[in-house]
Chemist: 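One structure coming up, written as structure tokens, with questions to follow.
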Amino acid sequence: MPQTVAQSQRATETRAGIDVELCNVFKVFDGETAVRGVNLSIQKGEFFSILGPSGCGKTTTLRLIAGFETPSSGDLYIRGQSMSYVPPYRRPVNTVFQNYALFNHMTVWDNIAFGLRIKKCSRAQVRQRVADVLQLVKMDDYAQRFPAQLSGGQQQRVALARALVNRPAVVLLDEPLGALDLKLRKEMQVELSNLHQTLGVTFVMVTHDQEEALSLSDRIAVMRGGLIEQIGTPSQIYEHPSTPFVADFIGDTNLFQGYVEASDTADMQVTTQNGLKIRVKPSEYWTGDTNSPVVVSVRPEKIQVSLDLPTADSNCFEGRLKHVMYLGTHVHYLIELLSGDSLTVLQPNRLESLPEPHTPIHVYWSATDCLALTM
């Protein structure tokens, strides 16, 4: 049933500062559960990203916020108000789609003005607000062009302008840069970040691009199989993943499966399936004890390489160089350890000559540069 005035006031008070809230939300399609009990609070003015592989439920979650889908169970609030009985066009949100969804028969000006005219704003209001948002996205000189006469980046700006002109509480971004080439995508990331900071509007973005989420977001929710695996800032998600899936999905990492041989409050010794003995710092999410199965995660950039035997106290292993990839600013090494384990190493390019494949090589890292994660 719709909220009473008193219920609405209490909801607004308890959710002050939160623009979007999902409470134990489920969505089932033909017996298949796409979203499984999602709990999520997005702060006012935040750039929040929902990240995950295809089919994880991230787009369904965005469509639930937009009102294009209805929760099978659970509650969804925008600015403290229940959206259970609110249709999409009545919600204080606007969506920017990956394909932009511009009207090809309309000029840029008319595309942006369309929503204002539907709301029956006065001509003076339409003129002023369209002019303001065109200036904001730097498309003043293209007002009379048609979408087909614009580049992909320009069409993206028009789609953003059309969403912003209605002054929504929340802007929803569905893979907003996915259709752009790499160089233009990088440029638009900067513009999108600047635009968000200028406006102070809440942005909720869905993406499968880890770098995009890390570079743009205040916080990130990582999804898998309809569930949220972890929510945190970009640095928390990258440096302190809560599960092996998050560690593997966000950036690159080397994962070793094994069991805990010994532990204390500072670190623990893990013996891997191939017999490597790794000293490791327990993750804050670690819940096991001695003899527990464990996954050790170590990022490629945390690993050092040396042709000579280093003086490292722990986590020093010999191997053979299998492949070297020159990346300009960095060098990527693929190394096979004597144990049979393979690992990747990423090191800054220091203009030194690169070793030849099959060269004996040592790798080493400290216990604080790797994490023990619960399997």
Chemist: Indicate the atoms forming the closest heavy-atom contact of H196 with V201, along with that distance.
Modeler: CD2-O, 3.0 Å

Chemist: Taking the six-membered ring of F103 as reference, does the NZ or CZ atom of R162 fall below 6.0 Å from its centre and within a 45° cone about the axis?
Modeler: yes

Chemist: Are S339 and D341 linked by a side-chain donor-acceptor pair shorter than 3.5 Å?
Modeler: yes

Chemist: Taking all non-hydrogen atoms of both residues into account, name the closest pair between L216 and Q189 and its distance.
Modeler: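 So the two residues come closest at CD2-O, 3.1 Å.
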
Chemist: Would a distance-only check, ignoring hydrogens and angles, find a side-chain to backbone donor-acceptor pair under 3.5 Å from S72 to V28?
Modeler: yes

Chemist: Could you go through the salt bridge (charged side-chain N to carboxylate O under 4.0 Å, His left out) check for R117 and D110 one step at a time?
Modeler: CA-CA 9 Å; R117 288 169 175 162; D110 289 330; 3.0 Å; yes

Chemist: If two hydrophobic side chains count as joined below 4.5 Å and joins carry through other members, does V165 share a cluster with V171?
Modeler: yes

Chemist: Decide yes or no for T95 and F68: does some side-chain heavy atom of the first lie under 4.5 Å from some side-chain heavy atom of the second?
Modeler: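 Yes. Closest side-chain heavy atoms under 4.5 Å.
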
Chemist: Under a 3.5 Å distance rule, please check whether R36 uses its side chain to pair with a backbone N or O of G225 as donor and acceptor.
Modeler: yes

Chemist: Sub-3.5 Å donor-acceptor pair from the side chain of R299 to the main-chain atoms of D252, do we have one?
Modeler: yes

Chemist: Give a yes or no answer on whether the side chain of K27 reaches the backbone of T70 with a donor-acceptor pair at less than 3.5 Å.
Modeler: yes

Chemist: Can you list the steps and then say if E191 with K138 is a salt bridge (charged side-chain N to carboxylate O under 4.0 Å, His left out)?
Modeler: CA-CA 10 Å; E191 292 195 20; K138 303 173 185 176; 5.4 Å; no

Chemist: With side-chain contact (heavy atoms from CB on, under 4.5 Å) as the criterion, how do I361 and L307 come out once you've worked through the C-alpha distance, each side chain's angles and the decisive distance to 0.1 Å?
Modeler: CA-CA 5 Å; I361 198 165; L307 296 178; 4.2 Å; yes

Chemist: For V363 and Y333, what are the C-alpha separation, side-chain angles and deciding distance, and is it a side-chain contact (heavy atoms from CB on, under 4.5 Å)?
Modeler: CA-CA 11 Å; V363 297; Y333 300 95; over 6 Å; no

Chemist: Shortest non-hydrogen contact from W365 to C370?
Modeler: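 Taking every non-hydrogen atom into account, NE1-SG, 3.5 Å.
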
Chemist: Atom CD of residue position E261 - does it have more than 12 heavy atoms of other residues, nucleotides or ligands inside 6.0 Å?
Modeler: yes

Chemist: Would you say L172 and F203 are hydrophobically clustered, going by side-chain heavy atoms of ILVMFWY under 4.5 Å?
Modeler: no

Chemist: Less than 4.5 Å apart, any side-chain heavy atom of Y89 and any of I118?
Modeler: no

Chemist: Could you state the interatomic distance from OG (S306) to NE2 (H362), rounded to the nearest 0.5 Å?
Modeler: 7.5 Å

Chemist: Find out whether V35 and E69 are in side-chain contact, i.e. whether some heavy atom of one side chain is under 4.5 Å from a heavy atom of the other.
Modeler: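 Of all side-chain heavy-atom pairs linking E69 with V35, none is under 4.5 Å.
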
Chemist: Check this for me: F317, atom CZ, are more than 12 non-hydrogen atoms of other residues, nucleotides or ligands nearer than 6.0 Å?
Modeler: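 Yes, enclosed.
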
Chemist: Side-chain heavy atoms under 4.5 angstrom apart, residues restricted to Ile, Leu, Val, Met, Phe, Trp, Tyr: same cluster for L346 and L334?
Modeler: no

Chemist: Taking atom CD of Q43 as the centre, does the number of heavy atoms from other residues, nucleotides or ligands within less than 6.0 Å exceed 12?
Modeler: yes

Chemist: Please round to the nearest 0.5 Å and tell me the distance separating atom CG of L160 and atom CG of L173.
Modeler: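 Rounded to the nearest 0.5 Å, the CG-CG separation comes to 6.5 Å.
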
Chemist: For residues P282 and A372, report the shortest heavy-atom separation together with the two atoms involved.
Modeler: CA-CB, 4.2 Å

Chemist: When you measure from the side chain of E212 to the backbone of S217, do you find a donor-acceptor pair of N or O atoms at a distance under 3.5 Å?
Modeler: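 No; zero donor-acceptor contacts below 3.5 Å.
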
Chemist: Does any part of the side chain of P234, heavy atoms only, come nearer than 4.5 Å to the side chain of I220, both counted from C-beta?
Modeler: yes

Chemist: Taking side chain as C-beta onward, heavy atoms only, is H332 less than 4.5 Å from T344?
Modeler: yes

Chemist: From I335 CD1 over to K322 NZ, what is the distance, rounded to the nearest 0.5 angstrom?
Modeler: 11.5 Å

Chemist: If every non-hydrogen atom of N166 is compared with every non-hydrogen atom of G115, which pair is closest and at what distance?
Modeler: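 Scanning both residues completely, I find the closest heavy atoms to be OD1-C, 3.8 Å.
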
Chemist: Would a distance-only check, ignoring hydrogens and angles, find a side-chain to backbone donor-acceptor pair under 3.5 Å from Q155 to P147?
Modeler: yes

Chemist: For the residue pair Q125 and L116, establish whether any side-chain heavy-atom pair is separated by less than 4.5 Å.
Modeler: no

Chemist: Does F249 offer a backbone N or O that forms a donor-acceptor pair with the side chain of Q210 under 3.5 Å?
Modeler: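 Yes, Q210 side chain to F249 backbone: donor-acceptor pair under 3.5 Å.
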
Chemist: With the side chain counted from C-beta on, respond yes when S82 and D75 share a heavy-atom pair under 4.5 Å apart, and no when they do not.
Modeler: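 They are not in side-chain contact.
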
Chemist: Given 3.5 Å as the limit, does a donor-acceptor pair link the side chain of R91 with the main chain of V86, or not?
Modeler: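 Yes; judged by distance alone, with no hydrogens or angles, the pair exists.
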
Chemist: Shared ILVMFWY cluster between I228 and F245, side chains joined below 4.5 angstrom?
Modeler: no

Chemist: Please check if I250 and M223 belong to a single hydrophobic cluster, counting links between Ile, Leu, Val, Met, Phe, Trp and Tyr side chain heavy atoms closer than 4.5 Å.
Modeler: no

Chemist: Taking G200's backbone N and O only, do any of them form a donor-acceptor pair with K44's side chain (distance below 3.5 Å, no angle check)?
Modeler: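 Checked: no pair found.
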
Chemist: In the structure I gave you, are the side-chain heavy atoms of F48 and V170 within less than 4.5 Å of one another anywhere?
Modeler: no

Chemist: Before you tell me yes or no, could you show the steps for V204 and D19 under side-chain contact (heavy atoms from CB on, under 4.5 Å), namely the whole-Å CA-CA distance, both residues' side-chain angles and the distance that decides it to 0.1 Å?
Modeler: CA-CA 10 Å; V204 182; D19 266 358; over 6 Å; no

Chemist: Does CD in E32 sit with more than 12 non-hydrogen atoms of other residues, nucleotides or ligands closer than 6.0 Å?
Modeler: no

Chemist: Do you know the tightest heavy-atom contact between L134 and A143?
Modeler: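 Here L134 and A143 meet closest at CD1-CB, 3.9 Å.
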
Chemist: Would you say N349's side chain and L327's backbone share a donor-acceptor pair under 3.5 angstrom?
Modeler: no

